[in-house]
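Written below as structure tokens is the structure these notes are about.
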Amino acid sequence: MNIATLQESMYKLIVETSTNLPRDVRRAIKSAKERENAGTRSAMSLSTITQNISMADDKVSPICQDTGLPTFKIKTPVGVNQLEIKEAIKNAMIQATNEGKMRPNAVDSLTGKNSGDNLGLGLPVMKFEQWDNDYIDVRLILKGGGCENKNIQYSLPCDLEGLGKAGRDLDGIRKCILHSVYQAQGQGCSAGFIGVGIGGDRSSGYDLAKEQLFRSADDVNPHEDLRKLEEYIMETANELGIGTMGFGGETTLLGCKIGVMHRIPASFFVSVAYNCWAFRRLGVILNPETGDINEWLYQEGDNIDFAAEAEKELAAVETAAAAEAAPAPTNREVVLTAPITEEQIRELKVGDVVHITGMMYTGRDAIHKYLTDHDAPVDLNGQVIYHCGPVMMKDEAGNWHVKAAGPTTSIREEPYQGDIMKKFGIRAVIGKGGMGPKTLEALKEHGGVYLNAIGGAAQYYADCIKSVEGVDLMEFGIPEAMWHLKVEGFTAVVTMDSHGNSLHKDVAQTSLEKLGQFKEPVFN
Ligand SMILES: O=C(O)C[C@H](O)C(=O)O
Ligand code: SF4
């Protein structure tokens, strides 16, 4: 095989997967968008998401800043040198990272050091298999951390919140799968896709679940019971009302694929792999002689160009507006510039749309831990913290540029957030998925607000960042450093206010009530 050609093919696969959402995923998002009622938070979030997908297309930049844990599945004919393929993938990964198509995402689990090039112990994951065909099949999934953290494994029998007893049968399995969607809420950037593995042991069960994510979103399960179950889950999960980003809405689940394997008598696992809407997985067929790409996979059906769709929508809205008066905006819109006063914060209520102009500072896991027992590198009084680990590139003059910068899951900072806000006088935090009771209490006491940005909309937010004014704590690595960002019109929704209101708390409660409606047996 020609090593240079092979490497180029792997580079193309990585870049395409990170920047160009597959056709089947686009179609699922489009139909979700059509189901939402105009003007709702979910509909607006889906518009941001589709705009983001188009921007990633145009700029050939990461759809989401979390380019995930790269997992390659490779099938080769007998006689192909797998070591060469490994080497080509590693080199292609370094190149894609250097060019800002991948975020440096490989972190030493013991020291916390980021390797900087996406290589590390066990990374990228590469799983080889031999087969009878005379071509090479390489598939790649870039599954981000926020949705990975929402994977869940059930051991039957068990008792499930809202659903009661789940036994060792098809109906017990049904309950586990429904529960898995409920427990993810908006934190894994809903609406999501789930891959389910029934049976196996703890590790093969999860492998089977992840394997389902390689199925095309609109295939039909050949196993009749599983086909029915997939169909039932799609209908029922979408009645939970969790909606895009957990804002409430008609679509909570975009796809459900279920696989089964045997188990041993004592174990009965149901494993669920949750994938966010930014479902990045592609594949190629390679010529084993040359290493060239012969064919791209997942290319069936229409390809949705969301930019063209947006133009059509705009034209329709303009015609409608001409025919009848345009509907009045339902949400209050507020412009904020840091430093923000307590008085300004106290005026904000859940549902308000906030546009931020001026400075904000990124801070995620490492920074929050650091700030508990250190001084802040900058004066954070009245400032805005953004839970974000961006993709950054340095130009030849030494200036940093933002390549992708959406929010990360905020709940991880729950143990620290309230104390840090009070200690430094921070007035607003921006993230996604919401935070818990400790933060809600601190917002009330101190006069703070939680703003929800749209998870995965990394290009959309990168566009609002006008300059990088500085960076601190680079020793934590690019995603974890504190970046000083100057923004213009950075839009987010108040989902937790200083009066004790939390949209996340409300949606969790109403979705639990709805989950309870599916308690009665369906499949026995
Ligand atoms: O690491 C990130 O930037 C985001 C992560 O995928 C998340 O969803 O929290
Ligand atoms: S931020 Fe959201 S869209 Fe991006 S990888 Fe995490 S879960 Fe997926």
Side-chain angles (χ1 to χ4, degrees), residues 24 28 69 71 73 125 127 129 139 141 143 147-185 188 190-240 242 252-276 279 281 515-524:
D24 55 341
L69 185 129
T71 303
K73 296 238 176 180
V125 173
K127 293 184 177 166
E129 223 180 282
R139 296 179 194 224
I141 185 164
K143 188 171 187 292
C147 57
E148 181 66 14
N149 294 346
K150 285 301 172 191
N151 290 1
I152 186 164
Q153 192 165 54
Y154 301 90
S155 176
L156 290 174
C158 61
D159 251 311
L160 297 170
E161 201 186 358
L163 292 166
K165 285 208 171 19
R168 293 185 149 196
D169 50 28
L170 200 54
D171 207 63
I173 296 167
R174 169 190 76 87
K175 287 188 178 179
C176 294
I177 305 175
L178 270 186
H179 183 268
S180 76
V181 178
Y182 155 75
Q183 62 88 42
Q185 293 288 305
S190 55
F193 294 80
I194 52 171
V196 181
I198 303 169
D201 64 356
R202 288 203 184 269
S203 57
S204 57
Y206 262 135
D207 272 350
L208 180 64
K210 288 195 169 179
E211 187 63 40
Q212 305 308 307
L213 295 176
F214 283 98
R215 284 172 52 192
S216 172
D218 30 39
D219 73 357
V220 176
N221 200 317
H223 190 301
E224 185 52 18
D225 282 343
L226 298 186
R227 184 195 66 73
K228 280 197 199 134
L229 187 55
E230 286 176 0
E231 205 176 279
Y232 166 88
I233 295 290
M234 284 305 293
E235 274 169 23
T236 319
N238 281 323
E239 285 174 33
L240 294 177
I242 296 167
T252 299
L253 196 62
L254 295 169
C256 169
K257 301 289 158 189
I258 308 172
V260 65
M261 68 189 283
H262 280 57
R263 59 183 178 86
I264 50 174
S267 305
F268 198 136
F269 295 110
V270 177
S271 314
V272 184
Y274 189 94
N275 207 109
C276 48
F279 182 16
R281 59 104 174 80
L515 185 70
Q517 295 169 3
F518 306 111
K519 208 174 171 161
E520 295 311 315
V522 175
F523 285 106
N524 292 331

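Tyr182 pairs by the ring-ring contact (aromatic ring centres under 6.0 Å, His included) definition with His179, not counting sequence neighbours. Residues passing the side-chain hydrogen bond (donor to acceptor under 3.5 Å, both in side chains) test with Gln185 are Ser511, sequence neighbours excluded. For Asn238, there are no side-chain hydrogen bond (donor to acceptor under 3.5 Å, both in side chains) partners, not counting sequence neighbours. By the ring-ring contact (aromatic ring centres under 6.0 Å, His included) test, Phe279 pairs with Phe193, sequence neighbours left out.
When all heavy atoms of Val125 and Leu69 are compared, the closest pair comes out as CG2-CD2, 3.6 Å. Closest approach of Pro157 to Gly167, counting heavy atoms only: CB-CA, 4.3 Å.
A salt bridge links Lys73 with Glu211: the closest approach of a Lys/Arg side-chain nitrogen to an acidic carboxylate oxygen falls below 4.0 angstrom. The residues Arg215 and Asp24 are annotated as not salt-bridged, no charged nitrogen and carboxylate oxygen being separated by less than 4.0 angstrom.
Considering OG1 of Thr71 and CD1 of Ile141, their distance stands at 7.0 Å, rounded to 0.5 Å.
Listed by first then second residue, pairs satisfying ring pair (Phe, Tyr, Trp, His ring centres under 6.0 Å) with a partner in residues 207-235 read Tyr232-Phe523, not counting sequence neighbours.
Ser204 and Asp207 share no side-chain donor-acceptor pair at under 3.5 Å. Inspection of the Asn275 and Lys210 side chains reveals no N or O donor paired with an N or O acceptor under 3.5 Å.
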Expected list for residues 259-266: side-chain donor-acceptor pairs under 3.5 angstrom, two or more places apart:
unit_1 : atom_1 : unit_2 : atom_2 : d
Arg263 : NH1    : Pro265 : O      : 3.2
Arg263 : NH1    : Ser267 : O      : 3.2

